[in-house]
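Protein chains get the first letters and strands the later ones, always in sequence-line order, with residue 1 at the start of each.
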Amino acid sequence: VGCTSTKSGSEESTGDGKTKIGLVTKTDSNPYFVALRDAAKAEADKNGAELVALAGKFDGDNDGQVAAIENLVQQGAKTILVTPNNSTGILGAIKKARDRGVLVIALDTETDPQDAVDATIATDNTNAGRLQGQYVKAALNGQPARSILLDGTPGSTVSEQRHAGFVEAAQPENLGTEATNGEQNKAQQATENLLQRATTVNSIYTLNEPAARGAYSALKAKGLADRVVIGSIDGSCDGVEAVKSGEIAVTVMQFPKKMAEQGVRFAVEFAKSGKKPTGFVETETAVITDKPLAGIDSEDTAWGLENCWG
Amino acid sequence: MTPVLEAHGLVKRYGRVTAMDGADFELSAGEVLAVVGDNGAGKSTLIKALSGAVVPDAGQILVEGKPVRFHGPLDARRYGIETVYQDLALAPALDIATNLFLGRERRRSGPLGALFRRLDAKGMRRDARRVLDELGIDVKSMTQLVETLSGGQRQAVAVARAAAFGSRVVIMDEPTAALGVQESGRVLELIDRIRDRGLPVVLISHNMPHVFEIADRVHVHRLGKRVAVVSPKTHSMNAVVGLLTGALRMGDDGTIEEVGLTTGLGRS
Amino acid sequence: MTPVLEAHGLVKRYGRVTAMDGADFELSAGEVLAVVGDNGAGKSTLIKALSGAVVPDAGQILVEGKPVRFHGPLDARRYGIETVYQDLALAPALDIATNLFLGRERRRSGPLGALFRRLDAKGMRRDARRVLDELGIDVKSMTQLVETLSGGQRQAVAVARAAAFGSRVVIMDEPTAALGVQESGRVLELIDRIRDRGLPVVLISHNMPHVFEIADRVHVHRLGKRVAVVSPKTHSMNAVVGLLTGALRMGDDGTIEEVGLTTGLGRS
Amino acid sequence: MTTRVSPSEFILRTPAIGPAIALVVAVVVFGLTTDTFFNVDNLSLVVQQSLVIGTLALGQTLVILTAGIDLANAAIAVLSTLLIAKLTINGTDAPIALVVGIVAAALIGAVTGGLVTGLRLPPFIVTLGLLTIVTAASRLYAQGQSFPVTDPTLGWLGTTQYLFGQIEVTYGMAVMLAMFVGLWYALTKTAWGKHVYAVGNDPEAARLSGIHVRRTVLSVYVVAGLCYGIAAWQALGRVPNADPNAFQLGNLDSITAVVIGGTSLFGGRGSVLGTLVGALIVAVLRSGLTQAGIDNLYQDVATGALVIAAVAVDRFSRGRQR
Amino acid sequence: MTTRVSPSEFILRTPAIGPAIALVVAVVVFGLTTDTFFNVDNLSLVVQQSLVIGTLALGQTLVILTAGIDLANAAIAVLSTLLIAKLTINGTDAPIALVVGIVAAALIGAVTGGLVTGLRLPPFIVTLGLLTIVTAASRLYAQGQSFPVTDPTLGWLGTTQYLFGQIEVTYGMAVMLAMFVGLWYALTKTAWGKHVYAVGNDPEAARLSGIHVRRTVLSVYVVAGLCYGIAAWQALGRVPNADPNAFQLGNLDSITAVVIGGTSLFGGRGSVLGTLVGALIVAVLRSGLTQAGIDNLYQDVATGALVIAAVAVDRFSRGRQR
Ligand SMILES: Nc1ncnc2c1ncn2[C@@H]1O[C@H](COP(=O)(O)OP(=O)(O)OP(=O)(O)O)[C@@H](O)[C@H]1O
Ligand SMILES: Nc1ncnc2c1ncn2[C@@H]1O[C@H](COP(=O)(O)OP(=O)(O)OP(=O)(O)O)[C@@H](O)[C@H]1O
Ligand SMILES: OC[C@H]1O[C@](O)(CO)[C@@H](O)[C@@H]1O
Ligand SMILES: [Mg+2]
Ligand SMILES: [Mg+2]
């Protein structure tokens with residue numbers, strides 16, 4: 001999708017000659033994005049680049065992400081790494097940035113269409129959902145899955161892809177879907193509520209670990225924690241601990257550090273040679289559980305604790 | 001002739017406090033009626049009822065013989081009753097001219113006013129200056145905020161407002177309390193001029209010399225009700241003070257008697 | 001004898017308005033000093049400076065000959081200067097007793113007071129009742145909120161407070177403005193009693209008969225400064241009114257002359 | 001009689017002067033310390049970034065002038081964006097959908113005003129209740145979706161034009177300017193405006209002066225609702241996507257702009273000019289700090305401190321007068 | 001002289017009566033319409049659910065009585081939980097960590113009070129700035145982690161005891177009760193309390209009466225900070241995990257409790273008893289609606305409406321007096 005730069009902006013660099021790289025995450029409250037940011041910082045330092053990390057005020061703050069991208073372009077960032085909240089909401093800002101020759105790479109979350117950015121580095125989120133679904137289904141020992149589904153923010157591709165993957169693999173009876181914005185508090189409330197009606201629930205899909213924590217709190221308060229299989233995605237150290245202690249049954253580990261590092265390396269390369277990466281770079285996944293099940297490749301929590309991201 | 005404004009048996013209670021306890025009131029055309037009474041006698045409450053600021057618990061108000069119900073000050077104002085309240089009712093953060101014309105702003109003539117509802121700020125400032133000058137109050141600028149005025153200047157603004165707009169009755173609750181000697185004199189002259197225009201004025205005041213100088217009749221209020229109406233021509237200041245403190249009493253026949261003397265005799 | 005409280009050349013400007021323009025002031029021990037002047041002359045500003053409520057832009061204040069700087073009312077109060085402000089300075093949502101003792105609450109005796117800092121609510125209510133009774137003000141209960149009081153009742157609370165607590169100087173800014181005939185009389189008696197206790201009193205008032213009844217000396221204020229100090233024994237009400245309106249003028253030698261006459265002569 | 005006004009009095013009487021000084025200081029500092037802040041298109045961007053909150057804040061100013069507060073304003077705007085987007089997607093003509101959305105916002109304003117004046121409830125509680133209700137309504141209405149907006153009418157306010165081939169302006173800026181001028185005129189040149197100030201300054205005095213206190217307050221909430229509807233339009237111009245999660249902090253952000261702008265939360269004192277400046281100050285801080293290469297969390301720390309400092313500058317510039 | 005008080009006057013003078021009526025109405029309605037609401041342990045749970053917000057709201061009441069507002073209170077409590085948890089994890093004795101956390105909260109309160117009184121800034125802006133700063137500080141301090149708390153001292157307030165073998169009580173309830181009694185005493189029986197009311201009711205009158213206005217306001221923010229520190233302790237008792245993302249709406253929730261409790265946002269009028277009742281009303285509404293099997297979003301709608309209704313009941317019960 002090579003687009004030759006017409007206007008200035010990418011020609012500039014900071015006073016001390018360092019390449020400037022912008023990072024725009026969804027929030028800076030989710031530990032996942034903190035890990036992503038820290039890894040990007042470290043990698044930028046290593047390569048003598050400068051990283052400016054911005055974020056929305058809350059998951060779903062499109063307006064905040066748009067302003068962040070605009071401001072980064074203005075200050076002369078040559079590359080912007082972004083975890084887009086919402087595929088439609090911020091595409092305009094991304095396009096404007098690219099029109100000015102800025103390399104834009106999506107991390108963690110795909111845009112829709114994918115070629116709205118130069119390149120994407122992310123987990124295969126559909127697959128991650130599928131892995132979660134397969135495990136949950138198997139863990140139910142032949143019982144049909146009767147699930148509560150905890151999504152992220154409406155209109156975000158991660159949320160849709162993981163959900164679709166889970167549904168495809170687990171074929172659950174859907175006892176209720178709620179948007180949680182990937183936040184613990186909202187997830188807890190949503191679960192508490194759904195539990196009012198969903199008395200036959202035996203499994204909960206969660207799009208990420210904060211949501212899983214919220215779901216667990218709600219189950220525990222109702223005394224249902226033992227009866228319900230919670231699956232999740234992320235692979236934070238806290239999340240792996242939660243698997244170890246049995247609070248959640250399985251988590252699909254992502255590798256945000258790799259996303260960040262790869263993103264920064266692309267940016268550095270672009271600054272040197274002007275070469276823009278394209279396409280989808282998949283970072284791997286790992287199923288973490290202490291109860292391995294037949295037919296599913298998994299790692300135990302010991303391995304998980306060694307490889308978790310923070 | 002029917003009174004311009006009258007009231008019968010007004011009652012107002014605040015919890016245990018009875019501020020009006022069956023108060024009567026009568027104002028005739030073209031007269032200056034003074035209302036006198038001790039602190040807390042219920043004078044302000046009475047005139048608040050007459051001007052719609054307070055809704056009485058019981059009793060009746062009549063304007064030119066017709067019963068009316070005031071649910072707010074606007075209702076009374078629609079009847080042309082204009083009031084200077086004891087606590088002045090000015091908006092401290094607004095300037096003098098704005099306060100003077102508050103709720104009665106004047107628009108520019110022409111399309112600017114009719115279409116764009118633009119205020120005639122200059123005209124209002126000019127007129128504000130004129131009425132204050134008439135009261136002999138020296139204020140630098142009509143755009144000075146009321147909260148920066150001296151006590152007397154503030155009172156003058158409130159008096160000027162009522163005087164300028166009253167069309168049937170003007171009520172003034174202690175309009176000269178904060179005013180200097182000269183300025184008080186001007187207010188009395190102003191009251192005189194209003195009477196000359198044919199409008200009746202109700203004047204609440206603790207200043208007996210003022211009352212006796214200007215009033216046609218004196219309504220004496222005590223413990224929430226009217227206890228006497230006297231003429232300054234036929235009664236002395238001392239008699240009025242005696243009535244309002246309760247040392248004297250007015251009989252049904254209009255004679256005044258000392259309260260101590262009537263015990264035991266007044267029966268039957 | 002050095003004056004108890006004196007001031008020289010006080011200046012206070014508010015934007016374009018000069019409220020005090022080099023005002024002098026002198027209060028001798030044991031006297032009642034009346035301060036008179038037109039509305040807006042700067043009387044309240046003067047006493048606010050003397051009581052620490054306003055910090056003057058220039059000039060000096062001395063207490064018993066010693067220069068002082070008041071940064072707030074508390075500083076003045078520490079010198080025993082107690083003030084009734086024209087706008088009363090009461091907290092409307094608090095009750096009478098609380099307002100009377102505000103900033104000077106009394107604790108219970110014994111450990112309850114010393115350790116738990118418990119207020120002597122009953123005692124304060126009792127004393128509040130006593131001082132208000134002294135002023136002849138009829139209020140049902142000391143727990144009535146000040147905002148529900150009549151204008152005169154409110155003023156009485158402020159007066160009672162200053163009278164009860166002044167220990168060196170008591171300043172009263174129009175303390176009888178809202179009071180009835182009897183109640184005003186009581187306040188004058190009260191001022192008399194304070195003088196008998198040896199405390200000097202500063203009385204601001206527009207009521208000339210009151211001033212002439214009680215004052216030992218009269219400070220005449222005009223256009224932001226003191227223009228004369230006269231004795232009610234030697235000067236008439238008319239002279240004082242003439243001075244404060246500017247119709248008369250006091251020469252350096254203490255003689256009073258008509259302003260029109262002096263033009264051209266007063267030079268050199 | 002002419003009324004000349006001295007400089008110091010001007011400062012005292014013009015509530016927007018203090019914040020304007022703070023704004024100028026901030027702009028100059030960022031201009032000098034970063035290479036990019038003074039770029040024409042950056043300055044334009046800062047203005048664009050302030051449009052939605054600024055428009056919300058204009059409505060909020062009216063409410064606060066009456067000694068009220070509106071915690072539901074951003075939620076109302078969000079519901080309005082959803083209405084507009086969903087109607088358009090379902091085939092309604094975009095201009096009609098737009099009008100429906102804006103009128104709906106004004107209607108919710110009328111409900112707020114009705115509760116505040118009719119039942120004499122504190123605005124804080126009424127609008128807090130409405131915040132919860134309207135947010136829930138948005139979520140119910142959106143059914144877990146967000147709605148992309150493609151129609152040019154709906155995105156029109158975000159359209160960029162170049163003035164003199166250089167200065168990037170959007171129609172949104174023009175609309176904001178027009179609203180500001182209109183409200184400034186209404187507040188300072190008409191009786192309605194005087195009544196708004198009087199009602200907020202001393203409701204009892206206003207009542208005794210014969211002002212229709214309730215009617216005035218009600219009208220304020222309706223006009224404020226209109227502003228929120230237009231803010232919704234502005235939002236679609238900025239982000240062509242109606243999302244029930246958007247602008248969760250818009251209420252506090254708009255109040256911030258109002259208060260930084262020198263309007264008193266106790267009512268009766270303030271100006272829409274101040275609010276405009278206040279909204280710009282916040283956008284300038286965000287943008288300038290980014291230009292200075294400061295990370296988000298440290299930006300938060302700095303923004304917090306600078307917001308306090310901006311108001312301190314204001315107080316200081318008038319404090320001398322006391 | 002004895003002062004007898006008529007029933008109607010009692011209602012007028014006791015700001016907590018209206019909310020108390022609303023509370024009783026809510027409890028009775030839920031008790032009658034659901035099977036489970038009146039269970040002893042459900043009632044106990046409702047109280048437990050109100051502890052954190054209730055404790056925050058006690059501090060908030062003090063601030064609001066002085067005509068201030070504290071938007072940073074919950075953020076301060078969260079920072080305090082993080083401090084306590086991280087210190088303990090790093091080996092500090094739990095009681096010492098606890099004291100450090102609570103003192104830190106009081107110190108931030110002192111900073112708030114210092115800015116409000118020293119620079120005469122509006123509390124809204126000061127605490128809004130601090131909200132941003134403190135939240136960012138928490139996130140920086142936590143580095144994306146949350147910290148589980150296991151030490152019994154830290155969780156002590158959540159410990160359950162049974163009274164009469166039936167009624168579930170926690171030490172947290174006792175602490176809350178003690179704080180309430182202490183503050184009630186300080187506000188109504190000491191000079192400090194009178195000064196707090198006076199300063200909020202009419203700061204100029206308070207100043208002229210010789211009250212140390214600044215000192216009083218400063219002390220209020222410090223005491224409020226202490227409350228927030230204790231709220232942090234309560235929070236650890238409820239959820240043994242210090243999380244930088246917790247209680248994001250705690251500021252608005254606590255203000256809601258205060259306002260429902262009949263305290264005026266304009267200062268000088270209100271009571272801690274009202275606040276306690278206000279906090280309970282919110283918890284009762286949430287719990288009752290859940291017991292009634294109402295979905296989250298519909299619950300939001302209902303809560304919003306009921307909060308408004310609760311205040312309307314209050315106004316109505318005293319409105320007659322006008
Ligand atoms: N809102 C209220 N609540 C309780 N009591 C009230 C209220 N308003 C007035 N009162 C009481 O009613 C009585 C009459 O008050 P009012 O103001 O009418 O007296 P007044 O004759 O005007 O006295 P003054 O000469 O001092 O102005 C007083 O005792 C006062 O305390
Ligand atoms: N804060 C202020 N800002 C501007 N002008 C002020 C302020 N305070 C007082 N003034 C002006 O200063 C002048 C003197 O006011 P002051 O209150 O001292 O008069 P006064 O002699 O007490 O009058 P009165 O007899 O009416 O009470 C007045 O013209 C007033 O408008
Ligand atoms: O809320 C959704 C977000 O949450 C994460 O799973 C991290 O917790 C991200 O991968 C995703 O973008
Ligand atoms: Mg009266
Ligand atoms: Mg005065």
Practice item. Check the surroundings of atom CG in C:Asp21: do more than 12 heavy atoms from other residues, nucleotides or ligands lie under 6.0 Å from it? Key: yes
Point to revise | More than 12 heavy atoms from other groups under 6.0 Å of CG on C:Asp127 | key: yes
Rounded distance [0.5 Å steps], [atom1] in [X] versus [atom2] in [Y]:
{"X": "B:Glu213", "Y": "B:His210", "atom1": "CD", "atom2": "NE2", "result": "6.5 Å"}
{"X": "C:Ile256", "Y": "C:Leu248", "atom1": "CD1", "atom2": "CG", "result": "6.0 Å"}
{"X": "C:Asp95", "Y": "C:Leu90", "atom1": "CG", "atom2": "CG", "result": "11.5 Å"}

Exercise for review: Please state whether the side chain, the backbone, both or neither of B:Leu179 comes within less than 4.5 Å of a heavy atom of chain C.
Suggested key: both
Practice item. Please state whether the side chain, the backbone, both or neither of B:Ser44 comes within less than 4.5 Å of a heavy atom of chain C. Key: neither
Review point. With sequence neighbours left out, what residues match C:His221 under ring-ring contact (aromatic ring centres under 6.0 Å, His included)?
Key: C:His219
Revision key, fill the gap. Comparing C:Glu183, C:Glu174, C:Met208 against chain B, the one with the most heavy-atom pairs below 4.5 Å turns out to be C:Glu183
**Study point:** side-chain contact (heavy atoms from CB on, under 4.5 Å) evaluation trace for C:Val84 with C:Asp173
**Key:** CA-CA 6 Å; C:Val84 185; C:Asp173 195 350; 5.7 Å; no
Check your understanding: Where along residues 149-162 of chain C does a heavy atom come under 4.5 Å of chain B, listed by residue number?
Key -> C:Ser150, C:Gly151, C:Gly152, C:Gln153
Practice item. Return the option, out of B:Ala178, B:Ser184, B:Gly40, with the maximum number of heavy-atom pairs under 4.5 Å with chain C. Key: B:Ala178
Practice item. Please step through salt bridge (Lys or Arg N to Asp or Glu O under 4.0 Å) for the pair B:Glu134 and B:Arg129, ending with a clear verdict. Key: CA-CA 9 Å; B:Glu134 238 169 68; B:Arg129 160 73 57 194; over 6 Å; no
